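The chains referred to below are lettered A, B, ... by the order of the sequence lines, with proteins before strands, and numbering in each begins at 1. Treat the numbers as computed from the prediction; the structure is a model and nothing was measured.
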2 protein chains.
Amino acid sequence: MKRKITLKQIARELEVSISTVSKALRNSAEISEDTKQKVQAFAKLYNYRPNNIALSLKNRKTNTIGIIIPEIVHHFFSKVIRGVELVANKRGYNVIVGLSNESFSKEVINMEMLANGSIDGFILSISKETQQLQDYHHFNETMSQGMPIVMFDRVVSDMNCDKVIVDDLNGAKNAVEKLLRNGCKSIALITTKDYVSVGKLRTQGYLEALEKHQIQPKADLILKIDDTLDYETRLDALENEIKQLFKANNGIDGVFAVNELYALSAMKVARKLGLNIPEDVQVIGFTDGVLSKHSTPSLTTVSQHAQQMGEKAADLLINKLENNIETEEEYFQTVIIATELIERESTK
Amino acid sequence: MKRKITLKQIARELEVSISTVSKALRNSAEISEDTKQKVQAFAKLYNYRPNNIALSLKNRKTNTIGIIIPEIVHHFFSKVIRGVELVANKRGYNVIVGLSNESFSKEVINMEMLANGSIDGFILSISKETQQLQDYHHFNETMSQGMPIVMFDRVVSDMNCDKVIVDDLNGAKNAVEKLLRNGCKSIALITTKDYVSVGKLRTQGYLEALEKHQIQPKADLILKIDDTLDYETRLDALENEIKQLFKANNGIDGVFAVNELYALSAMKVARKLGLNIPEDVQVIGFTDGVLSKHSTPSLTTVSQHAQQMGEKAADLLINKLENNIETEEEYFQTVIIATELIERESTK
DNA sequence: TTTTAACACGAAAACGTTTTCGTGACATAT
DNA sequence: ATATGTCACGAAAACGTTTTCGTGTTAAAA
């Protein structure tokens, strides 16, 4: 169980100074060919690798980025991570993951744990609780210390940082228009309470689509789910609420849901009520996850290109980290990732 | 954009030495009450936090663990990460994630990137390619440098390290026995090629169940999928192979599949062939993911308790890291996580 | 022979901590 | 008055690097 070898040990062994070893390994012109060869051979033999921590301390740069997300057992977020990891690795960075579990305090703690030198910058999507509390002091403090943040998906719009967001509004609008073009006359919306920023935007897209086609929205057709309930109780409650929605409104022939699960539940309820999909009711969901693809019938859905979002966020962050041009004029951009409607069996 | 404050700056500001500041903050008895108060007040005012990198270098301990998995967009693995993160955080550790993407070289590169001081130990599940090549030099090298490894799920059995595995054999055996007890006479197995260790074990469980009930296994009933194909082509090819399986064997009344997707595909194919589930064919899958829960009919499945695996792996690793009792007698354990059969609609 | 230049290397500082040890200023005991 | 002890603090080393600057040796130029 030999420990990793250091410059000091090589120096002692070869009876030269640490500086010489360091320079020899970096092929400095200062060092004679003889010495270089000797040192390099020895280093290779003992599989020398510079200690990352020492380098980080010296360079005041860890080459690590922190990503904080509300939940990892979730296709959207894990795809984002995949994207982040992909470009981070390609550009020589590591990725350290923190989970807020949708809790404000865990988000704060996680950020504090990482902000003390462990990472060079953050990529994050804020927790629901933070969205409710609207307490953003931890973001401000982090940024005021010179640590850049890139927010994605769930962002706080009036914060001075780079952002990567989905075009939720137009994604939803297009989806609803698709239903309208397909002949739907009475389209229900299943969404979340308004404090969830993306739910709000998708709701707005629904409304704009109706307005564009001169259809008066009916409040009865809009179901706002309280998604703070936990998973188990949620499924039953959810299906119940949807059933009420169908029963209260005769002739629903289209459903737009702001996520996969709501859409699937809608399909399940509709079938139980004797309705056929897509003949009687057409359904479109949001988020191209594994459920949409493998449900029966498979679900037409609005894809967010999650991996692309992660890649973009990582690129933005690393660009900022490496452009230490310090253009005192801080310049922040918001990248909007276009959505794509993936048509499957749940629409005509 | 003020940088984070350091001991040195506090010392200069208060006109004391760095040592004094450090001791004052740690409430050393060496320092007078007056000085302590002054220093602590100042530190709080400027929100001083010790630099993690400096601490890591000094202590030769990063309090960070690396987890390397083949794929993150995968319920099983993301649940494991959640478990790891949970106990890691609770015990004061961070988690840094590397993805091998099922590739041997990426696995090696990732490990090398992290092994140079960035982390204290590894938790990992080996890539399929590594399983095929059976090249484990990177694991051996890492361990010979005194960096502990905990393997989970896909492990290499004759390696000297802690392991956390699923009881694949008995999980499969129980599932198949369940089908037998439910009256199935002709049970098909849909599995992977044998180099995937877990596929092999689950296959063995299938065989043992049959043997126990004195049923002669029929080679025709066993379908071994080559899962190196990519996802898109796989779906078609998969359903095709399963269709052949059904057509070549009249009277299949039970299916055991080694993962969710195979099970779902089997259900889909069966339905297309006019068979009802579970009346005509009963189906059981492996891995309790989101698909099993939300498919129609919902899928009876063998749960692996992925999160628990992650928690256990993290505990094992951190125990090893903190028990520097250096009981020269290295002691490695293999923890077996029991499976659980979750009964849903696809079985009677 | 003396001056200059090139060469090859080492000493030391720096990154931000913690910790061991030393030391000057007092107060107390002899 | 001297010896001893306590108190409060500082100097310095250490973790493992990189880099700047200095310096001794030798060879070439004057």
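Checking dG10(D), dC9(D), dG10(C) against the side-chain heavy atoms of Ser17(B) singles out dG10(D) as nearest. Closest contact between the side chain of Arg60(B) and the listed nucleotides dA8(D), dG16(D), dT17(C) involves dG16(D). Closest to the Thr35(B) side chain, of the nucleotides dT17(C), dT17(D), dC9(D), is dC9(D). Comparing atom distances between the Leu57(B) side chain and each of dT19(C), dT17(C), dC15(D) picks out dC15(D) as nearest. Nearest nucleotide to the Glu30(A) side chain, out of dT17(D), dA14(D), dT20(D): dT20(D). When each of dT19(C), dT17(D), dC15(D) is scored by its nearest atom to the side-chain atoms of Arg26(B), the top-ranked nucleotide is dT19(C).
Between Ile31(A) atom CD1 and dT19(D) atom P the separation is 13 Å, expressed in whole Å. Asn51(B) places its CG atom 13 Å from the C1' atom of dC15(D), with the value rounded to the nearest Å. Whole-Å rounding puts the Asn27(A) CG to dA8(C) P distance at 14 Å. Remark: P of dT17(D) and CG of Asn116(B) are 10 Å apart, rounded to the nearest angstrom. Atoms CG (Asn52(B)) and P (dT18(C)) sit 11 Å apart, rounded to a whole Å. Remark: C1' of dT17(C) and CD1 of Ile53(A) are 13 Å apart, rounded to the nearest angstrom. Rounded to an integer number of Å, the gap from Leu25(B) CG to dT18(C) P is 8 Å. The separation between Asp34(B) atom CG and dA8(D) atom C1' is 11 Å, rounded to whole Å.
Side chains of Glu102(B) and Ser127(B): a donor-acceptor N/O pair is absent below 3.5 angstrom, by distance only. For Ser22(A) and Ser19(A), the side-chain atoms include no donor-acceptor pair closer than 3.5 Å. Gln145(B) and Lys4(A) share a side-chain donor-acceptor pair at under 3.5 Å. At a cut-off of 3.5 Å, with distance as the only test, no side-chain donor of Ser125(A) or Asp153(A) sits close to an acceptor on the other residue.
Each of Thr20(A) and Glu33(B) was matched to the nucleotide of DNA chain D holding its nearest heavy atom; the match closer to the 5' end belongs to Glu33(B). Between Lys36(A) and Gln9(B), the residue anchored closer to the 5' end of DNA chain C is Lys36(A), taking for each the nucleotide with the nearest heavy atom. Of the two residues contacting DNA chain D, namely Asn59(B) and Ala29(B), the nearest-nucleotide position lying further toward the 5' end is that of Ala29(B).
Taking only distance into account, the side chain of Lys8(A) never meets the base of dT17(D) through a donor-acceptor pair shorter than 3.5 Å. One N or O donor and one acceptor, one from the side chain of Lys23(A) and one from the base of dG10(C), sit under 3.5 Å apart. Judged by atom type and distance alone, Lys58(A) does not reach the base of dG16(C) through any side-chain donor-acceptor pair under 3.5 Å.
Ser22(A) comes within 4.0 angstrom of a base, heavy atoms only. Nucleic acid contact for Ser19(A): base, since at least one base atom lies under 4.0 Å from a heavy atom of the residue. Residue contacts shown for Leu7(A) include a base, since a base heavy atom lies under 4.0 Å away.
A donor-acceptor pair is defined here as one N or O able to donate and one able to accept, closer than 3.5 Å; no such pair exists between the side chain of Asn94(B) and the backbone of Leu114(A).
By the 4.5 Å heavy-atom criterion applied to side chains, Ile337(A) and Val164(A) are counted as neighbours.
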